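Since we're looking at a predicted model, the values are computed, not measured.
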Amino acid sequence: MPDGRGGENWPPSAHVTRLRQRAGWLKTVRCFFAARDVIEVETPLLSQAGVTDVHVESLRERGTGRWLQTSPEYAMKRLLAAGLGDCYQITRAFRAGEQGRWHNPEFTLLEWYRLGFDADQLIDEVATLVEAFLGTTRMVRKRYADAFIEAGLPDPLVAGEAELMRAASAHPEAAPLPRSLGRSALLDWLFSQVVVPRLPGRCFVTHYPADQAVLARLDRRDPRVAARFELFCDGVELANGFHELTDAGELRSRFESDQSARRRAGQSVPDIDERLLAAMTSGLPDCAGVAMGLDRLFALAAGDDSLAGVMAFPWDRA
Amino acid sequence: MASYSTNQFKSGLKLMLDGEPYTIVENEFVKPGKGQAFNRVKVRNLKTGKVIDRTFKSGESVEAADVMETEMQYLYNDGEFYHFMAPETFEQHSAPPEAVGDAGKWLKEQDICSVTLYNGEPLSVEPPPHVTLQVTQTDPGLKGDTSSGGSKPATLETGAVVQVPLFIQEGELLKVDTRTGEYISRAKD
């Protein structure tokens, strides 16, 4: 494959009629939010603080040492704490090394926040938006643990590493097993290879284990799980949402434990975003928020099985 | 020791796995939501040709195989080994028949071939895409037949047998596509 430095890859990978259609799709998204009085905001692509998330690698601008955002979440929460109210953003987000049929290191993210919503209410709204693009069909909600058990795997909230490893070794779809998987990477592998392919066509997975809470609050009745959900459409992960954690002290300790995990793994260790923590200390309103990969949504709407058909210039043509 | 990170993976990249050289045939990036990312790859063993699946945690690094594709001139066959020479350094390499494989039937002395070296030893040989070879045996064509109509087998000077048009005669030079094994045209010289 040519490395793309020559001129041969000048045309867009998406057909021009598809790119015209994409413009219409973006308009549909904006109309959806305009009809609900959710306002559009813009926040910086380059910021001084990065994300400490163990499984997200940021790109960094060399001249200033600033980080390209992996999502607009922190900046938008500062706007919420400042009293802006319901808001959404369509922006570019950047994640180093994420490249494949369904991944491009630079991609278009739709992120929105709704004051006073919990995870269930936001799920309803996500479902309505998705139906505008993919049509109406049965929408299933399934707890993370139930999805594992229905796939014939051990209960992920209870099973130890050895039991999970035995289940993984016995499962043909989990082969070949990557080496030196810890418990949480093992869950990720089983989830992606065994659980997701068995999910119903359109399915919200809810109640993620607490150690995968990211920025979601824990469930008040069962603190083993978090108020986090993801939407899968035909096996493609389309959206990730939280009933947002509002406790700044709890968030700081999650960030610090991310940092030490990154340090142990020899990864770069970005500074904690003190402005976000200060905003949360001053008061993040009770809200739920979700991020949706728009390129993926558009690709599914187009009936494609990769992003290249709906993006003008993917990574290797950019 | 050179190594590659999984985010450099692409087809054609040469890796060492369990002490054997492999080339990546297919690389699929898998990332569950906010979790650990993986690379699921199909790799072909450069010695045996066998294709296997492997999974890596993204960010892992894998030893690079010391595999190099070089252009070399084919010199001669000594009855067992095929001998090649690097045109710039005049360094000579001998390749066993299992490394040459099917390419052997297209090798004509002095032709430039692509030789894959592993730890400095020939691992596989690709003939030039087009070769010019002399017909050593073919049945006489029908009288008056010029350009159209059926075909017949012809044995070439290297031992390869190709289908040629009926008008081709013994002793003629032919241009042949080694990738398809098909006759292209009479050679002009």
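- Rounded to the nearest 0.5 Å, atoms OG1 (B:Thr55) and CZ (A:Arg179) are 10.5 Å apart.
- Heavy atoms from other residues, nucleotides or ligands lying under 6.0 Å from CD of B:Glu172 number more than 12.
- Each of A:Tyr208, A:Trp189, A:Phe232, A:Phe191 has some count of heavy-atom pairs under 4.5 Å with chain B, and the biggest count is that of A:Trp189.
- The candidate from A:Pro176, A:Ser192, A:Ser180, A:Gly100 with the greatest count of non-hydrogen atom pairs under 4.5 Å with chain B is A:Pro176.
- Heavy atoms from other residues, nucleotides or ligands lying under 6.0 Å from CD of B:Gln110 number 12 at most.
- There is no contact between A:Ala265 and chain B, counting heavy-atom distances below 4.5 Å.
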Applying side-chain contact (heavy atoms from CB on, under 4.5 Å), run through B:Lys57 and A:Leu181 and close with a yes or a no.
CA-CA 8 Å; B:Lys57 285 199 287 182; A:Leu181 288 176; 3.7 Å; yes

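- Heavy-atom pairs under 4.5 Å with chain B peak, among A:Glu57, A:Gln193, A:Gln212, A:Arg101, at A:Gln193.
- Proximity to chain A among residues 14-32 of chain B is limited to B:Asp18, B:Glu28, B:Phe29, B:Val30, B:Lys31, B:Pro32, judged by heavy-atom separations below 4.5 angstrom.
- Contact annotation for residues 34-46 of chain B against chain A (heavy-atom separation below 4.5 Å, listed by residue number): B:Lys34, B:Gly35, B:Gln36, B:Phe38, B:Arg40.
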